[in-house]
Amino acid sequence: MHGKESYIYFLFEHKNYPDKGIAFQLLKYMVEIWESKTTKENRELPIIIPLVIYHGKTDWRTPSNLGAMLNGYDQLSEELKAFVPNYNYVLYDVSIFTDEEIKGETQLRILLTLLRDIFTKDPKELQESILKALHYLTELEDKQTGLEYLNTMMHYIFGVDTSLSESEKDEIIRGIDTIYPEGRELTMSFIDKWREEGIEKGIEKGKVDALSEVAVNQLTERFGELPLEIKDGIANADTVALQLLLSNIFRYESIDDVRRYI
């Protein structure tokens, strides 16, 4: 930089929803980075370039600088602004990238394609995007690398709350088998585990729903109509918490005792 060796630090932050506090969050990260780089022998700090990778369902309308969060910053004179920290961050809104704009090595194209389309409301478009990413996998010469990326892809696709139905997920599994047969064994192992976990989650959710209903009914019988925050607290409790609530239900003397527990 100007003929001298310089130290540039790139800070990447990933968001799938618009965050009004992002500039403050990035600032905290930047301070932590500077603190970690400061020693008694070296007090020079790296230049930090913050970048936000976004792929949410709605447009990003949050200002791209810290000054927008500071009350009255825009009305300050230039002389006063010199005493107040401010900076800009770079926004990459992946959701608006076209296929032609997504370039780079195979792994990067897979990542950006899935990030761009994972929250699409049209399950057919998401299916096509996933199959496109699978075709990218066939470009990898190292099959071990391909299997590792396939494993990561499946965890991401099936772990995110998407618009895909069970039948559409089955179609994707068949697509994997056709497009990338090298991953057949890995896919089947993953699907068996995924379905087993899904059954366990379904059983657990059934228990929670049943216990929640019993808790609400018994508390209503004792104290009358329950406040909304009590109902919400019960609805968000897990099995252990609900079992404890029910086992102590006759020890509560008022709705305030329940509120303190919740």
Side-chain angles (χ1 to χ4, degrees), residues 1-39 42-123 125-126 128-130 132-133 136 149 152-153 155-157 159-163:
M1 187 177 292
H2 299 295
K4 292 174 61 179
E5 187 175 282
S6 188
Y7 181 8
I8 306 292
Y9 193 112
F10 290 96
L11 167 61
F12 291 89
E13 173 65 9
H14 163 237
K15 290 289 179 185
N16 57 21
Y17 62 92
D19 186 352
K20 293 180 180 178
I22 182 64
F24 185 53
Q25 180 186 358
L26 289 170
L27 179 63
K28 289 192 288 186
Y29 291 158
M30 292 161 75
V31 171
E32 288 174 4
I33 292 165
W34 282 323
E35 285 179 339
S36 71
K37 300 299 178 185
T38 304
T39 64
N42 181 21
R43 292 288 179 180
E44 291 188 355
L45 302 176
I47 301 296
I48 301 176
I49 310 295
L51 307 100
V52 176
I53 312 298
Y54 174 67
H55 66 118
K57 298 178 182 179
T58 58
D59 294 340
W60 182 280
R61 294 193 175 95
T62 303
S64 60
N65 61 79
L66 179 65
M69 292 187 68
L70 304 176
N71 187 18
Y73 180 80
D74 288 340
Q75 283 73 49
L76 292 177
S77 65
E78 292 304 316
E79 289 80 3
L80 283 177
K81 283 183 178 179
F83 297 99
V84 182
N86 187 25
Y87 75 92
N88 293 329
Y89 61 84
V90 182
L91 175 70
Y92 285 99
D93 188 347
V94 179
S95 61
I96 62 175
F97 286 7
T98 64
D99 287 342
E100 292 71 26
E101 289 171 326
I102 295 178
K103 304 179 186 296
E105 295 186 0
T106 301
Q107 294 94 322
L108 180 61
R109 280 183 284 142
I110 291 172
L111 169 68
L112 293 179
T113 300
L114 290 179
L115 283 179
R116 181 192 65 183
D117 297 333
I118 197 69
F119 292 124
T120 178
K121 294 179 181 178
D122 186 340
E125 287 182 16
L126 179 54
E128 291 172 5
S129 177
I130 293 168
K132 192 179 300 173
Y136 291 152
Y149 267 81
T152 302
M153 282 173 58
H155 275 90
Y156 184 56
I157 294 164
V160 175
D161 185 18
T162 65
S163 56

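Just so it is clear, the values below take in all heavy atoms, side chains as well, and ignore hydrogens, waters and symmetry mates. All residue numbers in this chain count up from 1 along the given sequence.
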query = Can you pull the ring-ring contact (aromatic ring centres under 6.0 Å, His included) pairs that have at least one residue in residues 64-105, sequence neighbours excluded?
reply = none
key: Residues that Asn65 engages under side-chain hydrogen bond (donor to acceptor under 3.5 Å, both in side chains), provided they are two or more places apart   = none
request  = Check the surroundings of atom CD in Glu101: do more than 12 heavy atoms from other residues, nucleotides or ligands lie under 6.0 Å from it?
outcome  = yes
message = Does any part of the side chain of Trp34, heavy atoms only, come nearer than 4.5 Å to the side chain of Ile48, both counted from C-beta?
response = yes
inquiry  = Which heavy atom of Gly104 sits nearest to which heavy atom of Arg109, and what is that distance?
reply    = O-NE, 3.0 Å
key: Flag side-chain contact, heavy atom, 4.5 Å: Tyr156 against Leu111   = no
Steps toward side chain to side chain contact (heavy atoms under 4.5 Å, CB included) verdict (Val52, Leu26) = CA-CA 9 Å; Val52 176; Leu26 289 170; 3.8 Å; yes
message = For Asp74 versus Lys81, what's the shortest heavy-atom pair and its separation?
response = O-NZ, 4.1 Å
note = Between the CD1 atom in Ile102 and the CG atom in Leu108, the distance rounded to the nearest 0.5 Å is 8.5 Å
ask   = If you look at every heavy atom in Leu70 and Pro85, which pair is closest and at what distance?
value = CD1-O, 3.8 Å
ask   = From Ile130 CD1 over to Ile118 CD1, what is the distance, rounded to the nearest 0.5 angstrom?
value = 5.5 Å
task = Answer yes or no: is there a side-chain heavy-atom contact under 4.5 Å between Glu105 and Ile110?
result = no
ask   = At what distance, to the nearest 0.5 angstrom, does CG of Leu51 lie from NE2 of His14?
value = 14.0 Å
task = Output all residues satisfying salt bridge (charged side-chain N to carboxylate O under 4.0 Å, His left out) with Lys15, sequence neighbours left out; order by chain, then residue number.
result = Glu13, Asp19
inquiry  = In the structure I gave you, are the side-chain heavy atoms of Thr58 and Pro18 within less than 4.5 Å of one another anywhere?
reply    = yes
ask   = Does the side chain of Tyr29 reach to within under 4.5 Å of the side chain of Pro50, using non-hydrogen atoms?
value = no
request  = Could you tell me whether the side chain of Ser64 reaches within less than 4.5 Å of the side chain of Leu91, counting heavy atoms only?
outcome  = no
note = Heavy atoms of Met69 and Gly21 approach each other most closely as CE-CA, 4.1 Å
task = Indicate yes or no: at least one non-hydrogen side-chain atom of Tyr54 is less than 4.5 angstrom from one of Val94.
result = no
request  = Keeping the roles fixed (side chain from Glu128, backbone from Glu125), state whether a donor-acceptor pair exists under 3.5 Å.
outcome  = no
key: side chain to side chain contact (heavy atoms under 4.5 Å, CB included) assessment of Arg116 paired with Asp99   = CA-CA 10 Å; Arg116 181 192 65 183; Asp99 287 342; 2.8 Å; yes
request  = For the pair Asn86 (side chain) and Leu66 (backbone), establish whether a donor and an acceptor sit closer than 3.5 Å, ignoring hydrogens and angles.
outcome  = yes
ask   = So, are Lys132 and Asp117 salt-bridged, with charged N and O less than 4.0 Å apart?
value = no
Distance in Å, Asn71 CG paired with Leu76 CG, rounded so as to fall on 0.5 Å steps = 9.5 Å
message = Please report the interatomic distance CG(Asp59) to CG(Asp93), rounded to the nearest 0.5 Å.
response = 7.5 Å
ask   = Considering all heavy atoms of both residues, which atom of Leu11 and which atom of Met30 are nearest to each other, and what is their separation?
value = CD2-CG, 3.9 Å
ask   = Say you draw a straight line from CD1 of Ile53 to OG of Ser95; how long is it, rounded to the nearest 0.5 Å?
value = 11.5 Å
ask   = Are side-chain heavy atoms of Ile47 and Tyr7 found at a separation under 4.5 Å?
value = no
inquiry  = Using only atom types and a distance under 3.5 Å, with no angle test, would you say the side chain of Trp60 pairs donor to acceptor with the backbone of Thr62?
reply    = yes
